[in-house]
Amino acid sequence: MKAILVNKDRSLSWSDVPNPIMGDEDCLVKIEYAALNRADLMQREGDYPPPAGCPEWMGLEISGTIVEMSEKAAEKSNFKIGDKVCALLGGGGYAEYANIKYDMLMPAPKNCTMAEAAAIPEAFATAYLNLFYEGKIKPGNTLLMHAGASGLASVVVPMAKAFGVRVITSVLTTEIANSIKHLGADVVIDFSRETTAEVLKRELEAGHPVDVAIDCLGGAYMGECLPYLAHGARWIMIAALAGQKTEIDLKNIYVRNVRIIGSTLRSRAPSVKAQILSELVENVWAKVESGEVRPTIYKILPIEEAEAAHDILYRGENVGKVVLKVTK
């Protein structure tokens, strides 16, 4: 089969690789679409290696068709050959086929295209993990989700709204703010006009302090915001695109009982990931199928143009998810 490999000069090529060898509890999935994530860029640059046992090529979320099943996978799941599915992978999604343990599969939601289904697993699982496992968010709480035009924010914002949460998000320009109106955030911070800290201070004074923050930026912004959170707030760091260092007033942390949490989905045990996927199907799938929560697709490119797709993320031009089409 073919997969996208990283060459020595960091360029990408659609190359021949060995066919997958199915494990005891695996399903073989013919991949139709693979969605991009910033973790793919980090892996390409050598900063985010795949977990042990995963293929060397990138790709954390896919959609496709089950074409073969092991006996144990058939016994332990309700899936069957021919089912349309989407899946969370440790890696290996930029390919024609993937071996996937049955509990990393989810049925493709009704009323979704297969391109949309591919954009669900990693983003939705990350959103669910940080909203409900780490954030312990509740209806009526206020959430801050940075990078409102990102693929993750395109899921986190409507998912939080669907569960009765008030949402603040941030973007770089007024133009981008206008482009994400469909997500339904209550407050959009426009960095060209004001800082996050200024807005959070205003929200605190108005009685709407942030209870949970999902922060992919970090940098100086993070420390500047911490004094304006709710008592007992959870600030969840998932990346540090704006810088790895910040200055924190430690007294504010213990006086307000603020918790700073580091979180990545990829580092979780397979059993935890499987539980998150099971809860997604149980608690969120109906909202997806009704259209209440849907991924936003920015662009679909053929798999052979993976490098051009990566460039979109490098430039930060996408509003929502970039997806690769694998099948012809």
Side-chain angles (χ1 to χ4, degrees), residues 1-23 25-26 29 31 33-62 86-101 103-105 118-119 121-127 129-130 133-134 147 150-152 214-218 236-245 261-274 276-277 303 306-314 316 321-324 326:
M1 72 170 188
K2 287 186 177 294
I4 291 288
L5 298 183
V6 181
N7 302 315
K8 290 183 179 180
D9 63 358
R10 301 278 174 85
S11 63
L12 305 180
S13 59
W14 184 232
S15 305
D16 291 321
V17 298
N19 290 330
I21 300 173
M22 198 160 59
E25 296 183 322
D26 286 351
V29 175
I31 298 173
Y33 292 90
L36 273 62
N37 292 276
R38 286 207 167 267
D40 302 341
L41 307 186
M42 295 167 65
Q43 181 173 333
R44 177 181 174 183
E45 293 159 7
D47 296 330
Y48 199 18
C54 290
E56 64 179 279
W57 45 93
M58 299 160 287
L60 302 179
E61 54 187 345
I62 59 98
C86 52
L88 180 67
L89 291 74
Y94 289 17
E96 292 181 304
Y97 292 90
N99 273 334
I100 304 165
K101 191 167 179 282
D103 59 5
M104 293 292 107
L105 296 173
E122 172 75 13
F124 275 60
T126 299
L129 165 68
N130 291 303
Y133 279 54
E134 299 292 6
S150 68
L152 180 59
I214 299 177
D215 185 5
C216 59
L217 300 180
I236 305 166
M237 294 300 310
I238 62 170
L241 299 176
Q244 298 178 17
K245 295 183 179 180
I261 301 165
S263 176
T264 63
L265 176 66
R266 198 175 198 182
S267 63
R268 307 288 166 149
S271 59
V272 175
K273 294 180 184 177
I276 291 171
L277 298 188
I303 188 75
E307 194 156 343
H310 275 205
D311 287 344
I312 292 171
L313 267 65
Y314 278 122
K321 299 284 284 188
V322 178
V323 178
L324 298 172
V326 179

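Panel note: side chain Arg38, backbone Leu313; a donor-acceptor pair is recorded below 3.5 Å. Of the possible donor and acceptor atoms, one in the side chain of Trp57 sits under 3.5 Å from a partner among the backbone N and O of Gly92. Checking side-chain atoms of Arg268 against main-chain N and O of Leu129 turns up no donor-acceptor pair under 3.5 Å. Remark: the backbone N or O of Met1 is paired with a side-chain donor or acceptor of Asn19 at under 3.5 angstrom.
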- Query: Step by step, would you call Tyr97 with Val17 a side chain to side chain contact (heavy atoms under 4.5 Å, CB included)?
  - Reply: CA-CA 11 Å; Tyr97 292 90; Val17 298; over 6 Å; no

- side chain to side chain contact (heavy atoms under 4.5 Å, CB included) assessment of Leu36 paired with Leu324: CA-CA 8 Å; Leu36 273 62; Leu324 298 172; 3.5 Å; yes

- Given side chain to side chain contact (heavy atoms under 4.5 Å, CB included), test Ile303 with Ile31 step by step and report yes or no. CA-CA 11 Å; Ile303 188 75; Ile31 298 173; over 6 Å; no

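Atom-to-atom distance recorded for Asp215:CG and Met237:CE is 4.0 Å, nearest 0.5 angstrom. To the nearest 0.5 angstrom, Ile236 atom CD1 is 12.5 Å from Thr264 atom OG1. With rounding to the nearest 0.5 Å, the separation of CE in Met42 from CE in Met58 is 13.5 Å. The CG atom of Leu60 sits 8.5 Å away from the OG1 atom of Thr126 when rounded to the nearest 0.5 Å.
Under the side-chain hydrogen bond (donor to acceptor under 3.5 Å, both in side chains) criterion, Asp26 pairs with no residue, sequence neighbours left out. Under the side chain to side chain contact (heavy atoms under 4.5 Å, CB included) criterion, Asp16 pairs with Lys2, not counting sequence neighbours. A search for side-chain hydrogen bond (donor to acceptor under 3.5 Å, both in side chains) contacts involving Tyr133 returns Glu279, not counting sequence neighbours. Taking the side chain to side chain contact (heavy atoms under 4.5 Å, CB included) definition, one finds that Pro49 meets it with nothing, sequence neighbours left out. Scanning for side chain to side chain contact (heavy atoms under 4.5 Å, CB included) contacts around Ala87 gives Ile62, Leu89, Ile100, Leu105, with sequence neighbours left out. With sequence neighbours excluded, the residues satisfying side chain to side chain contact (heavy atoms under 4.5 Å, CB included) with Ala242 are Leu217, Tyr221. For Glu96, the side-chain hydrogen bond (donor to acceptor under 3.5 Å, both in side chains) criterion is met by no residue, not counting sequence neighbours. Under the rule for a salt bridge (charged side-chain N to carboxylate O under 4.0 Å, His left out), Arg10 has no partner lying at least two apart in sequence or in another chain. Applying the side-chain hydrogen bond (donor to acceptor under 3.5 Å, both in side chains) rule to Asn37 yields the partners Glu61, Lys321; only residues at least two apart in sequence or on another chain are considered.
For the residue pair Leu5 and Ser15, the shortest heavy atom distance occurs at CD1-CB, 3.8 Å. Pairing each heavy atom of Ala123 with each of Leu152, the nearest pair is O-CD1, 3.5 Å. The two residues Tyr48 and Ala39 make their nearest non-hydrogen contact at CE2-CB, 3.1 Å. Contact between Arg266 and Lys273 at its shortest, heavy atoms only, is O-NZ, 3.2 Å. Residue Gly90 comes nearest to Pro50 through the heavy atom pair O-CB, 4.2 Å, listed as atom of the first residue, atom of the second, then distance. Considering all non-hydrogen atoms of both residues, Gly23 and Asn99 come closest at N-ND2, 4.5 Å.
For residues 40-51, every residue pair satisfying the salt bridge (Lys or Arg N to Asp or Glu O under 4.0 Å) rule, not counting sequence neighbours, is listed here: Arg44-Glu307.
Looking only at side-chain heavy atoms (C-beta outward), Leu265 and Leu88 come within less than 4.5 Å of each other.
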